[in-house]
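Whatever order the structure lists them in is the order used to number ligands and atoms, beginning at 1. Index from 1, following the sequence.
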Amino acid sequence: MTNALENIDTKIKTPAKESLLTPRFYTTNFEEIALMDISKSLPELKAILKEFRNDYNRNHFVRDKEFDKNWNNLDEKTKNLFIEFLERSCTAEFSGFLLYKELSRRLKNTNSILANCFEMMSRDEARHAGFLNKAMADFNLSLDLGFLTKSRKYTFFSPKFIFYATFLSEKIVGAKMKIGMVIFLLFYYIHNQRC
Ligand SMILES: [Fe+2]
């Protein structure tokens with residue numbers, strides 16, 4: 001089969017209607033984070049930053065030969081549900097990328113350790129979003145992330161919830177991947193990754 005990425009029939013997917021389940025885009029109180037006293041956690045944050053810079057997952061998200069097949073074996077209902085799942089996941093990853101990128105930009109001069117950590121996290125989220133968008137191309141679809149950036153409303157999320165949500169997303173991703181794994185081999189690749 002021709003690699004789906006080269007398929008000229010790829011269409012831009014119309015964004016799903018917003019609902020309670022639609023991933024949101026976020027903004028926060030950047031000042032509050034800039035002024036956070038992180039002195040007690042400095043050794044841990046420095047260790048985390050070192051791990052981020054080592055970038056152990058750099059070569060993990062690779063589309064090898066196993067992706068070179070089609071997914072026509074899925075019935076219509078399963079396929080549509082799965083596409084919706086991919087769209088939500090890709091939008092959520094991209095939303096994380098935008099927020100972390102903005103945090104790294106705004107904290108650069110006031111809280112450089114956190115700024116650097118968020119920069120690394122935005123790198124990873126962009127990578128996840130890109131990989132998921134390529135998975136959508138396997139179904140001849142693509143998300144217009146630039147359009148989403150401009151058209152979506154930004155929801156305020158207080159700093160402490162950003163920290164809680166980041167922690168919880170690490171826990172939830174395990175369950176999410178177990179569901180996806182039976183449908184699409186993409187999830188063999190993301191399993192055990194920070195997503
Ligand atoms: Fe992610």
Side-chain angles (χ1 to χ4, degrees), residues 5 13 15-16 18 20-28 33 44-45 47-64 67 81-107 113-139 141-149 152 154-155 157 159-195:
L5 290 179
K13 173 150 186 346
E18 284 194 50
L20 266 183
L21 289 175
T22 316
R24 286 158 202 276
F25 288 172
Y26 297 102
T27 184
T28 190
I33 300 183
E44 286 89 350
L45 285 166
I48 289 170
L49 184 56
K50 192 166 170 243
E51 294 270 299
F52 275 143
R53 285 188 169 140
N54 282 335
D55 196 6
Y56 302 115
N57 300 337
R58 185 187 300 139
N59 301 315
H60 193 90
F61 294 88
V62 174
R63 291 175 59 89
D64 63 15
F67 281 87
L81 274 173
F82 190 59
I83 287 169
E84 200 179 306
F85 175 72
L86 283 176
E87 180 182 1
R88 283 188 189 162
S89 303
C90 184
T91 308
E93 299 292 345
F94 189 67
S95 165
F97 157 73
L98 288 177
L99 179 64
Y100 296 150
K101 189 78 190 162
E102 189 61 12
L103 276 161
S104 73
R105 198 177 69 79
R106 302 268 198 121
L107 301 176
I113 287 276
L114 277 187
N116 289 332
C117 284
F118 282 124
E119 173 71 30
M120 297 289 106
M121 287 166 74
S122 73
R123 170 203 69 194
D124 290 355
E125 299 313 309
R127 189 181 283 164
H128 304 154
F131 200 65
L132 284 159
N133 215 1
K134 282 178 188 167
M136 291 190 71
D138 290 344
F139 297 87
L141 291 167
S142 169
L143 270 190
D144 185 346
L145 297 171
F147 171 76
L148 279 184
T149 311
R152 281 281 171 85
Y154 284 72
T155 303
F157 210 32
K160 74 175 172 191
F161 287 117
I162 290 178
F163 288 98
Y164 292 152
T166 303
F167 174 75
L168 282 175
S169 73
E170 305 308 307
K171 300 288 166 199
I172 291 168
V173 75
K176 185 170 96 173
M177 293 314 156
K178 274 185 193 133
I179 299 164
M181 199 177 280
V182 296
I183 302 180
F184 187 69
L185 60 86
L186 164 73
F187 296 97
Y188 287 109
Y189 289 78
I190 303 186
H191 193 49
N192 286 335
Q193 297 301 306
R194 192 191 66 75
C195 287

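- The closest donor-acceptor contact from the side chain of Tyr154 to the backbone of Thr149 lies under 3.5 Å.
- Distance check for Asp124 against the Fe ion (ligand 1): none of its N/O/S atoms falls below 2.8 Å.
- Geometry at the Fe ion (ligand 1): OE1/Glu93 and ND1/His128 form an angle of 110°, nearest 10 degrees.
- A donor-acceptor pair under 3.5 Å links the side-chain atoms of Ser95 to the main chain of Arg24, judged by distance alone.
- Counting all heavy atoms, side chain and backbone alike, Pro23 lies closest to Thr91 at CG-CB, 4.0 Å.
- One finds a salt bridge joining Glu84 and Arg88 here, because a Lys/Arg side-chain nitrogen approaches an Asp/Glu carboxylate oxygen to under 4.0 Å.
- Atom OE1 is the N, O or S atom of Glu125 at the shortest distance from the Fe ion (ligand 1).
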